[in-house]
Visitor: 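Please find one structure pasted underneath; my questions will follow.
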There are 2 protein chains.
Amino acid sequence: MLLTSACKYGIQATIYLGMQKDDSFVSIKKIAEEFTIPFHFLTKVLQLLTQAGIVESTKGAKGGVRLGKDPDVITLFDIIAVIDGEGIFHDCMLGLPGCGLNTPCPAHEFWAPIRTKYEKSARAISLKDLASDTISKNLRIGK
Amino acid sequence: MLLTSACKYGIQATIYLGMQKDDSFVSIKKIAEEFTIPFHFLTKVLQLLTQAGIVESTKGAKGGVRLGKDPDVITLFDIIAVIDGEGIFHDCMLGLPGCGLNTPCPAHEFWAPIRTKYEKSARAISLKDLASDTISKNLRIGK
DNA sequence: CAAATAACGGACAATTTTGTCTTAATTACA
DNA sequence: TGTAATTAAGACAAAATTGTCCGTTATTTG
Ligand code: FES
Ligand code: FES
């Protein structure tokens with residue numbers, strides 16, 4: 001599995017937030033229902049993103065979450081790194097310590113280019129890209 | 001995590017088998033010690049590969065495992081598919097059912113090319129490639 | 001044939017991930 | 001000021017993955 005469920009949920013939620021027209025708060029419950037994500041689980045995922053500054057939240061009536069930065073400067077890399085960690089972008093495919101050209105494993109030549117492409121693409125794609133694509137091409141985020 | 005631990009162990013073990021000079025059986029215990037893999041766990045992983053014909057085994061003294069096919073025709077794809085399944089090569093990055101051009105998700109344009117490269121490379125690299133590289137370049141498989 | 005070796009197979013335990021529930025804290029609004 | 005709404009936080013449960021243990025079966029060797 002490339003991404004944990006937590007991370008998939010986080011990406012769905014942030015794309016959804018990126019699609020909002022104004023900057024009012026959206027309740028987590030609403031997002032959870034929209035994509036059929038377990039509410040309390042999504043709560044914890046969004047707390048991670050909130051702590052990282054990617055998402056802002058307020059409690060109470062009319063509270064909820066919204067993006068904490070311009071969707072232009074939030075990348076897919078940022079979201080994945082916060083929830084799943086940067087391991088997927090740096091680690092040895094076989095789990096050996098210290099992947100690098102000094103002490104490569106047999107899979108290195110195979111994996112390093114793919115991983116690099118994955119990281120570069122993830123750093124290059126912003127939440128604005130994802131959200132505006134979703135709107136303009138009427139894509140599905142969930143279901 | 002890209003690969004499960006089970007799959008990483010399986011790849012390490014099969015590369016090791018591909019490096020053997022003759023076609024005698026190697027005990028699983030030996031492999032487990034070589035790479036510090038939990039013995040009984042490796043046993044089960046290799047049973048999967050045995051059932052798939054990638055590995056052959058015999059019980060009893062002088063028993064063990066060896067490759068069940070020419071290392072030339074066993075690909076990294078085969079090994080991953082047997083242990084972790086083909087999901088990583090086909091599934092939607094966000095976990096939505098039926099990834100495809102008909103009903104893409106916002107991540108599809110990002111993920112599909114990487115996944116394709118991953119699959120093509122995995123199908124193109126054989127156990128012989130991995131094993132002979134390991135020998136000629138003195139690479140580490142474990143530790 | 002007996003003993004040692006080694007894969008097979010099932011049960012079970014530990015750990016991690018995922019999901020649920022309950023209470024507390026904070027905010028809007030009537 | 002009080003009530004409803006909503007995130008935060010922690011405890012707990014379920015499920016999946018990983019790891020351990022034990023008995024069985026099969027094979028070699030003396
Ligand atoms: S050392 Fe294993 S992928 Fe780089
Ligand atoms: S539909 Fe999501 S990656 Fe293809």
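Below, read A as the first sequence line, B as the second, and so on, with proteins coming before strands; counting in each chain starts at 1.
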Visitor: Both A/Ser5 and B/Val65 contact DNA chain C. Taking the nearest nucleotide for each, which residue is further toward the 5' end?
Guide: B/Val65

Visitor: Is it true that A/Arg123 and A/Glu119 have a side-chain N and a carboxylate O under 4.0 angstrom from each other?
Guide: yes

Visitor: Can you measure A/Lys30 atom NZ to D/dA5 atom P for me and round it to whole angstrom units?
Guide: 16 Å

Visitor: Which of the following nucleotides, C/dA7, D/dG19, D/dA8, is nearest to the side chain of A/Ser57?
Guide: D/dA8

Visitor: Measure the distance from CG on A/Leu48 to P on C/dT18 and round it to the nearest whole Å.
Guide: 12 Å

Visitor: Any non-hydrogen side-chain atom of A/Ile141 less than 4.5 Å from a side-chain atom of B/Cys105?
Guide: no

Visitor: For the side chain of B/Ile28, counting heavy atoms from C-beta on, which of C/dT20, C/dG9, C/dA7 is nearest?
Guide: C/dA7

Visitor: Between the side-chain atoms of A/Lys44 and the base atoms of D/dG10, is any donor-acceptor pair under 3.5 Å?
Guide: yes

Visitor: May I have the distance from A/Asp84 (atom CG) to C/dT16 (atom P), rounded to whole angstrom?
Guide: 16 Å

Visitor: Would you please name every residue forming a side-chain hydrogen bond (donor to acceptor under 3.5 Å, both in side chains) with B/Glu33, sequence neighbours left out?
Guide: none

Visitor: Whole-Å distance between D/dA9 P and A/Phe39 CZ?
Guide: 14 Å

Visitor: I'd like to know if the side chain of B/Arg66 and the backbone of B/Asp23 have a donor-acceptor N/O pair within less than 3.5 Å.
Guide: yes

Visitor: Can you measure A/Phe41 atom CZ to D/dA14 atom P for me and round it to whole angstrom units?
Guide: 17 Å

Visitor: Whole Å only: how far is the CD1 atom of B/Ile83 from the C1' atom of D/dT18?
Guide: 14 Å

Visitor: Which parts of nucleotides 22-30 of chain C does protein reach within less than 4.0 Å, heavy atoms only, written one letter per nucleotide 5' to 3' as B for base, S for sugar-phosphate only and - for none?
Guide: B--BBBS--

Visitor: If you assign B/Ser27 and A/Leu3 each to the DNA chain C nucleotide with the nearest heavy atom, which residue ends up on the more 5' nucleotide?
Guide: B/Ser27

Visitor: For a quick test of reading the model: is some side-chain N or O of B/Tyr9 closer than 4.0 Å to OP1 or OP2 of D/dT18?
Guide: no

Visitor: What is the distance from CD of B/Glu56 to P of D/dT27, rounded to the nearest Å?
Guide: 13 Å

Visitor: When you measure from the side chain of A/Thr14 to the backbone N and O of A/Ile11, does any donor-acceptor pair fall under 3.5 Å?
Guide: yes

Visitor: Rounded to the nearest Å, what distance is computed from the CG atom of residue A/Leu42 to the C1' atom of nucleotide C/dT20?
Guide: 14 Å

Visitor: Taking 4.0 angstrom as the limit, do B/Glu109 and A/Lys137 come out as a salt bridge?
Guide: yes

Visitor: Please tell me which of the listed nucleotides, D/dT18, C/dC8, D/dT7, lies nearest to the side chain of B/Thr4?
Guide: D/dT18

Visitor: Report the distance from atom CG of A/Leu76 to atom CZ of B/Phe110, rounding to the nearest 0.5 Å.
Guide: 5.0 Å

